[in-house]
Structures are given as structure tokens and as C-alpha cells.
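First comes the structure, then the notes that go with it.
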There are 2 protein chains.
Amino acid sequence: MTATSTPRPDRSAAVKEKIRGVSQHLFARDGFDATGIRDIAAEAGVNPAIIIRHFGSKERLFVETLDAKTSWAHALEGPLDDLGKRLVRALMSGQGALHVFGATVRASGRSDVRAYLQASFAEKLVAPLAEMLDAPDAELRAHLFAAQVAGMMFALSVYDDEYLISAPAEAIVELYGDSLQRTATG
Amino acid sequence: MTATSTPRPDRSAAVKEKIRGVSQHLFARDGFDATGIRDIAAEAGVNPAIIIRHFGSKERLFVETLDAKTSWAHALEGPLDDLGKRLVRALMSGQGALHVFGATVRASGRSDVRAYLQASFAEKLVAPLAEMLDAPDAELRAHLFAAQVAGMMFALSVYDDEYLISAPAEAIVELYGDSLQRTATG
DNA sequence: GTCTATAACGTGATAGAC
DNA sequence: GTCTATCACGTTATAGAC
């Protein structure tokens with residue numbers, strides 16, 4: 001053990017960060033399948049093998065990279081009787097989150113990705129939702145609410161419903177938000 | 001032009017049918033990614049190459065195989081004011097369709113599969129729905145309705161919401177069906 | 001001439017040697 | 001950390017069987 005060792009500068013940290021950045025860009029732009037380990041490596045200026053070494057697998061890199069982008073926290077806080085429309089509005093405005101969701105779903109054939117999707121919904125949406133509702137069937141309503149939210153995201157970013165994508169956002173907020181509200185509170 | 005030509009009996013029809021049957025089974029059971037062309041070929045007792053020759057690609061085989069399983073026709077017909085609950089009920093009872101939907105979504109990284117998903121929703125669900133609603137915003141409501149239906153399917157078969165899967169179906173029909181109804185008819 | 005089988009090609013992720 | 005090997009995949013090229 002060298003007493004004069006540097007204070008652990010973690011010289012691989014910079015490389016990992018670089019890889020993360022490139023992955024985030026490429027995965028979001030081209031999706032999981034179309035983005036190869038070699039593409040990421042080339043763009044980051046590193047060897048393909050070290051990506052696996054650092055992150056374990058392409059799957060885990062994908063999950064780690066795209067996580068922590070979607071936060072419902074902001075949309076959830078506010079008056080309960082406006083929850084439905086507020087959430088739809090947040091959903092329609094934040095394109096970034098939608099894009100990430102789409103990429104994740106399209107990669108959901110991989111088990112790790114699907115597991116992440118599951119955990120993400122449960123922890124980030126259903127759990128806080130169940131907490132803020134106080135009806136006896138709060139838990140059930142929270143799950144149904146999440147499903148309904150997922151439906152809109154699915155339409156917009158997975159099967160790409162052109163009609164909804166180009167429809168006036170306010171009309172969607174009005175109708176879907178209203179229906180969503182009914183799911184949350186009788 | 002030979003007047004006595006046979007009506008193209010397609011000598012390989014039996015083989016194609018065999019491949020279709022095996023594919024249907026394996027794709028539904030193990031999903032798109034985990035099912036290899038070689039697996040299908042082995043199970044069907046044919047050569048891997050002829051699968052590609054007959055169906056063009058694994059993707060097209062997948063789509064052709066799993067199509068025509070989901071038909072909303074039966075659930076759609078009936079009184080309009082009961083549409084929501086009727087559809088949820090149909091959805092919860094027919095496990096087959098859900099399974100197929102899940103497999104399709106998990107393969108939606110492939111462009112052909114995603115295109116099929118898009119067309120499938122548009123033609124089989126949205127279009128007939130828009131026809132039977134007669135409000136001025138019927139078109140919009142039909143699209144929102146489809147999105148909401150997709151959400152429930154997504155929860156049950158893609159991110160596998162255990163709570164919803166094991167919840168009493170009647171409770172779900174009641175709440176989600178009610179909300180769905182509101183989406184369809186003010 | 002149409003259908004089928006053999007063998008290869010290109011590319012993907014990943015594991016192991018240096 | 002880097003390079004190279006390996007293995008599985010979908011797909012194609014080629015040639016044989018009916």
C-alpha cells in the first residue's frame with residue numbers, strides 16, 4: 001500500500017461519465033436496438049469492452065442511463081381535485097419524459113428493462129398517488145390511475161397516434177383529464 | 001397463358017401452415033426476442049432458411065402470426081351507454097388477447113411491429129369507435145378511449161401490475177369502466 | 001421451375017487472455 | 001484497460017431435389 005497514493009481520483013469516473021452522456025444521447029435518439037455498443041464506444045472514444053466492464057451489460061447501461069429522467073413529483077403536488085388535468089398537462093408539455101418512456105417500452109423485451117419499468121411505475125407514480133388519495137379504495141384507484149396515464153403515454157410515444165399528437169392539447173387535457181379525475185376521486 | 005393451368009395450388013402450403021402454428025405457440029410463450037428462427041425451424045422440423053424465404057423476415061412472420069387474434073368486434077357491439085364496462089370486462093376475461101398484446105409491445109422496438117401496432121389500433125379499435133359515437137368530438141373521444149384501453153392492457157401485460165392482476169375483476173370493471181365511459185360519452 | 005437443404009456471411013454482445 | 005476470440009443471431013448465396 002503506497003502511502004503517497006493520490007486521494008483516489010477515480011480516474012475511471014470521467015470515462016464512465018463520458019459513456020453515460022453518449023449513451024443518453026444515442027439511446028434517446030435511436031432507441032435501444034438501433035444503438036450498438038460499438039456506436040457508443042466510437043462516439044465516446046473508448047473501447048467497446050470497457051463499457052461492458054463498467055456497466056455489466058447493454059441492458060443495464062440503458063436502464064441506468066435513462067433512469068432519473070422521469071419525475072412525477074412536480075405534477076403530483078397540488079390540489080387533489082385538479083389532479084387529472086394537471087397530470088395530462090404535464091404529460092403533454094414535457095416531451096423529454098415521453099421520449100424516454102417510448103424508448104423504454106420499445107426495449108421492454110429485455111427483462112431488466114421491463115423490471116425497471118415495473119419498479120418505476122410502482123415507486124414513482126402508484127405509491128405517492130396511493131398516499132395522497134384517502135378513500136377506502138385508494139390503492140386500487142392509484143393503480144388504475146397509473147394505468148390510465150400509461151395509456152396516454154403509450155399512445156403518444158409507442159404507437160404514435162398522429163391524431164392525438166397533433167390535436168390541440170387543451171382539448172385532450174379537458175376530456176382525458178376529466179376522465180382521469182374520475183378514476184382518482186369518485 | 002395456359003388455359004389448363006392449375007389455380008396455383010401452392011405446394012408448400014402445408015409447410016407454411018406448420019411454421020405458422022409453431023411460431024404462434026413459441027412467440028406467444030417466449031416472446032419475440034427469446035424465440036429464434038432456429039428454434040421455430042427445429043420445432044417445425046424444417047430448415048431455418050425456408051422460414052425466411054416464405055415469410056420474408058422474422059419480424060413479418062411475427063406480425064402475420066399474431067395478427068387476427070385480437071378482435072374488438074364482439075366487445076364493441078351493444079348499447080352505447082354500457083360500452084366502458086363491457087370493454088373492460090372483455091379485456092379482463094380474454095387472457096389470450098392480452099398475452100398477444102404484451103408480446104407485440106415487447107417487440108415494438110422493431111419498426112414493422114410498431115407499424116402493425118399502429119395500424120391495428122387505428123383500424124380495429126379507433127375507427128369503429130369513431131363511427132358509433134356521434135358527438136361532434138367523436139373522433140377525438142375515440143382516440144382517447146383507445147389510449148385508455150391501451151393503458152389497462154399495458155398495465156396488465158407489459159409492466160405486469162401485480163396488484164391489478166390479482167385484484168377482483170368486478171371492482172376494476174366498475175371503476176375503470178365508469179371512467180372509460182366518461183371518456184366516450186361526456 | 002418451384003421448393004428445400006447446406007453452408008456461409010455479417011453483426012451483435014460478451015468473456016478471457018495479455 | 002485493451003485486444004482478440006467466441007458464440008448466437010438473422011439472413012443470404014449456392015446448389016441440390018422434386
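The chains referred to below are lettered A, B, ... by the order of the sequence lines, with proteins before strands, and numbering in each begins at 1. Here the structure is a predicted model, which means the values were calculated and not measured.
- Atom CZ in Phe55(B) sits about 16 Å away from atom P in dT12(D), given to the nearest Å.
- Note: CZ (Arg60(B)) to C1' (dG10(D)) measures 13 Å, nearest angstrom.
- Rounded to an integer number of Å, the gap from CZ of Phe27(A) to C1' of dA13(C) is 12 Å.
- Every residue two or more places apart in sequence or in another chain was checked for a ring pair (Phe, Tyr, Trp, His ring centres under 6.0 Å) with Phe145(B), and none qualifies.
- Atom P of nucleotide dG12(C) and atom CD1 of Ile52(A) are separated by 13 Å, given to the nearest angstrom.
- Look at CG on Leu61(A): it is 14 Å from C1' on dT14(C), rounded to the nearest Å.
- Evaluation of the salt bridge (charged side-chain N to carboxylate O under 4.0 Å, His left out) rule for Glu162(A) yields no partner, not counting sequence neighbours.
- Of the possible polar contacts, one joining the Ser179(B) side chain to the Ser179(A) backbone as a donor-acceptor pair under 3.5 Å is found.
- Under the ring pair (Phe, Tyr, Trp, His ring centres under 6.0 Å) criterion, Phe101(A) pairs with Phe154(B), sequence neighbours left out.
- For Thr35(B), the side chain to side chain donor-acceptor pair (under 3.5 Å) criterion is met by no residue, not counting sequence neighbours.
- If you take CD1 of Ile51(B) and P of dA5(C), they are 11 Å apart, rounded to a whole angstrom.
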Between protein and nucleotides 2-9 of chain D, what N or O pairs are separated by less than 3.5 Å?
from   : atom 1 : to       : atom 2 : distance (Å)
dC3(D) : OP2    : Asn47(A) : ND2    : 2.8

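- Identified under the ring pair (Phe, Tyr, Trp, His ring centres under 6.0 Å) test for residues 165-186 of chain A, with sequence neighbours left out: none.
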